[in-house]
Enquirer: 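Got a structure for you, questions after.
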Amino acid sequence: MKILVTGAAGFIGFHTCLKLVNQGHEVYGIDNINDYYAPKLKFDRLVELGFNKSETKIFKNEVLSKKFNSLRFSRIDLVDYMSINELFKKNRFELVCNLAAQAGVRYSIENPKAYIDCNISGFLNILEGCKNYKVKHLVYASSSSVYGENKKIPFETSDNVDHPISLYAATKKSNELMAHTYGHLYGFKTTGLRFFSVYGPWGRPDMAYYLFTEAIFNNQPIKVFNNGEMERDFTYIDDIINGVVRVIEKNISSREHYKIYNIGNNKTVSLKDFISTIEKAMGKEATKEMYPMQLGDVPRTYADVDELIKDYKYSPNTELESGIESFTNWYLNYKK
């Protein structure tokens, strides 16, 4: 298929592009490469995909990968309607995988406008492109954050998600509603994936596992929120990407214009155990500073992935120890 992947220089977007081209698809990646976290990591991911760093710094300049002749990239912002429209018009994509977003729960308290611009206005531009240029299927990133302070465990997609506790979560819930509306009105299929705490090599440096690893590496204390009394459904990147690509490649029902799935590990790990696993992989104990729960954060996430297993044979099977070891090995090599 001819596929557009947005957020191609991001953590999940990078891995998705790599998997799709290796599966034989024609992929066009875009990213605005903003400075929410160090752009160097984003450029390094693009270099890993075979792009020249100096070429990808040029705004809107289309470049071809030196490693994959079926992979192209342009530095485009989702908010730039004219550029997005021209991209859709020129390429006539069969499927769009929208992974671009302003991420981060805590940052949404500091800079709410960034979330409205990218996650609402930018997502609208993607929907308009799908509508105007007859895209058959839109797969897009949602988030476990939409569940808010949901007390029912595990989280099911049938649960009420009308009470988000961060603006980030509110924008992701809005994406689901917008996709439902466009799919219903214009007849293209939309599939939302609620990601649960993704970790692994080439990961985001604002995520807890990366921050913990970096602090231990630099002999600095780590910040432990809610005294470590939190649980997360940590999911290794390879398991996530296998699930995403299965959703992209297998069209299970042309009659359903709207579907939402949880995509997680289907088990929880306490923050304390998670930190211990990182300490073991790094061969060093962390100095811990305890802090109260942060605004917008939730005490527990836990994904019911039965629907994804049933429809796509999704099978997360990476154990935490193995996944963390892979990440810390990558981190130490990357630092060199």
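Only this structure's heavy atoms are used, side chains among them; waters, hydrogens and symmetry mates stay out. Start at 1 with the first residue, then count along the sequence.
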Enquirer: Should we count NZ of Lys152 as having more than 12 external heavy atoms under 6.0 Å?
Expert: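 Yes, NZ of Lys152 has more than 12 neighbouring heavy atoms, counting only those of other groups under 6.0 Å.
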Enquirer: State whether Glu55 and Lys66 are salt-bridged, where the test is any N-O pair (Lys NZ or Arg NE/NH1/NH2 against Asp/Glu carboxylate O) under 4.0 Å.
Expert: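 Yes, Glu55 and Lys66 are salt-bridged.
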Enquirer: Under a 3.5 Å threshold, yes or no: a donor from one side chain and an acceptor from the other, between Arg194 and Tyr147?
Expert: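 There is such a pair (donor and acceptor under 3.5 Å, judged by atom type) between the side chains of Arg194 and Tyr147.
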Enquirer: Can you name the one residue among Arg72, Glu62, Lys90 that meets side-chain hydrogen bond (donor to acceptor under 3.5 Å, both in side chains) with Tyr28?
Expert: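 For Tyr28, the side-chain hydrogen bond (donor to acceptor under 3.5 Å, both in side chains) check succeeds only for Glu62.
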Enquirer: Any idea which heavy atoms bring Ile324 and Tyr199 closest together, and the distance?
Expert: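 So the two residues come closest at N-CE1, 3.7 Å.
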Enquirer: Please report whether the ring centroid of Phe93 lies less than 6.0 Å from that of Tyr133.
Expert: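 Ring centroids of Tyr133 and Phe93 are no less than 6.0 Å from each other.
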Enquirer: Please report the interatomic distance CD1(Ile3) to CD(Gln23), rounded to the nearest 0.5 Å.
Expert: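 Interatomic distance, Ile3 CD1 to Gln23 CD, rounded to 0.5 Å: 9.5 Å.
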Enquirer: For residues His137 and Glu94, is any side-chain donor paired with an opposing acceptor at under 3.5 Å?
Expert: no
Enquirer: So, applying side chain to side chain contact (heavy atoms under 4.5 Å, CB included) with Leu127, which one of Leu138, Val135, Asn132 is it?
Expert: Leu138
Enquirer: Taking C-beta and beyond as the side chain, do Asn22 and Phe68 meet within less than 4.5 Å on heavy atoms?
Expert: yes
Enquirer: Count the heavy atoms of every other residue, nucleotide or ligand shown that sit under 6.0 Å from NZ of Lys113, and state whether that count exceeds 12.
Expert: no
Enquirer: At what distance, to the nearest 0.5 angstrom, does OG1 of Thr191 lie from NE2 of His257?
Expert: 12.0 Å
Enquirer: Between Asp233 and Ser197, which heavy-atom pair has the shortest distance, and what is it?
Expert: O-CB, 3.6 Å
Enquirer: Give a yes or no on this: more than 12 heavy atoms of other residues, nucleotides or ligands lie within 6.0 Å of atom CD of Glu289.
Expert: yes
Enquirer: Can you check whether Phe327 and Tyr236 have ring centres sitting under 6.0 Å from each other?
Expert: no
Enquirer: Quick check on Lys284: does its NZ atom have over 12 non-hydrogen neighbours (other residues, nucleotides or ligands) under 6.0 Å away?
Expert: yes
Enquirer: Side-chain donor-acceptor pair under 3.5 Å between Ser270 and Asp273, yes or no?
Expert: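 Yes.
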Enquirer: Tell me, yes or no, whether the heavy-atom count around Lys67 atom NZ, taken from other residues, nucleotides or ligands under 6.0 Å, exceeds 12.
Expert: yes
Enquirer: Just checking, Lys42 and Tyr36: is the charged tip under 6.0 Å from the six-membered ring centre and within 45° of the axis?
Expert: no
Enquirer: With a 6.0 Å cut-off (strictly less than), is the heavy-atom count around CE of Met82, excluding the residue itself, greater than 12?
Expert: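 Atom CE in Met82 is not crowded, with 12 or fewer foreign heavy atoms closer than 6.0 Å.
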Enquirer: Hey, does the Lys NZ or Arg CZ of Arg106 hover above the aromatic six-ring of Tyr168, less than 6.0 Å from the centre and inside 45° of the axis?
Expert: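 No, cation not above the ring by the 6.0 Å, 45° rule.
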Enquirer: Are there more than 12 heavy atoms of other residues, nucleotides or ligands under 6.0 Å from atom NZ of Lys280?
Expert: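 Not buried by this count: 12 neighbours or fewer within 6.0 Å.
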Enquirer: Looking at Phe188, I'd like to know if the NZ or CZ of Lys134 sits under 6.0 Å from its six-membered ring centre while staying within 45 degrees of the ring's axis.
Expert: no
Enquirer: Hey, what do you get for CD1 (Ile241) to CZ (Arg246), rounding to the nearest 0.5 Å?
Expert: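 Between atom CD1 of Ile241 and atom CZ of Arg246 there are 13.0 Å.
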Enquirer: Examine the side chains of Glu307 and Thr157 and answer whether a donor and an acceptor come within less than 3.5 Å of each other.
Expert: yes
Enquirer: Consider only side-chain N and O atoms of Tyr182 and Glu128, and report whether a donor and an acceptor are under 3.5 Å apart.
Expert: yes
Enquirer: Charged N to carboxylate O below 4.0 Å: is that the case for Lys40 and Asp44?
Expert: yes
Enquirer: Got more than 12 heavy atoms from elsewhere within 6.0 Å of NZ, Lys288?
Expert: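 Yes, because the 6.0 Å sphere around NZ of Lys288 holds more than 12 heavy atoms from other groups.
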Enquirer: Trp330 and Met207: same hydrophobic cluster, using ILVMFWY side-chain contacts below 4.5 Å?
Expert: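 Yes; tracing contacts between hydrophobic side chains, which count when under 4.5 Å, links both residues.
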Enquirer: Please say which of Phe51, Phe43, Phe14 ends up in a ring-ring contact (aromatic ring centres under 6.0 Å, His included) with Phe73.
Expert: Phe51
Enquirer: CG/Asn32 to CD1/Ile76 distance, rounded to the nearest 0.5 angstrom?
Expert: 10.5 Å
Enquirer: Does Tyr209 have Arg232 sitting over its ring (NZ/CZ under 6.0 Å from centre, angle to axis within 45°)?
Expert: no
Enquirer: Please report the closest heavy-atom contact between Ile109 and Pro112, naming both atoms and the distance.
Expert: O-CD, 4.0 Å
Enquirer: What pair of heavy atoms forms the shortest contact from Cys130 to Val96, and how long is it?
Expert: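 Answer, listing the atom of Cys130 first, then Val96: SG-CG2, 4.0 Å.
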Enquirer: For the atom pair OG1 (Thr213) and CD1 (Ile278), what is the distance rounded to the nearest 0.5 Å?
Expert: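 Reported value, rounded in 0.5 Å steps: 4.5 Å.
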Enquirer: Less than 6.0 Å separating the ring centroids of Tyr261 and Tyr312?
Expert: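 Yes, the ring centres sit under 6.0 Å apart.
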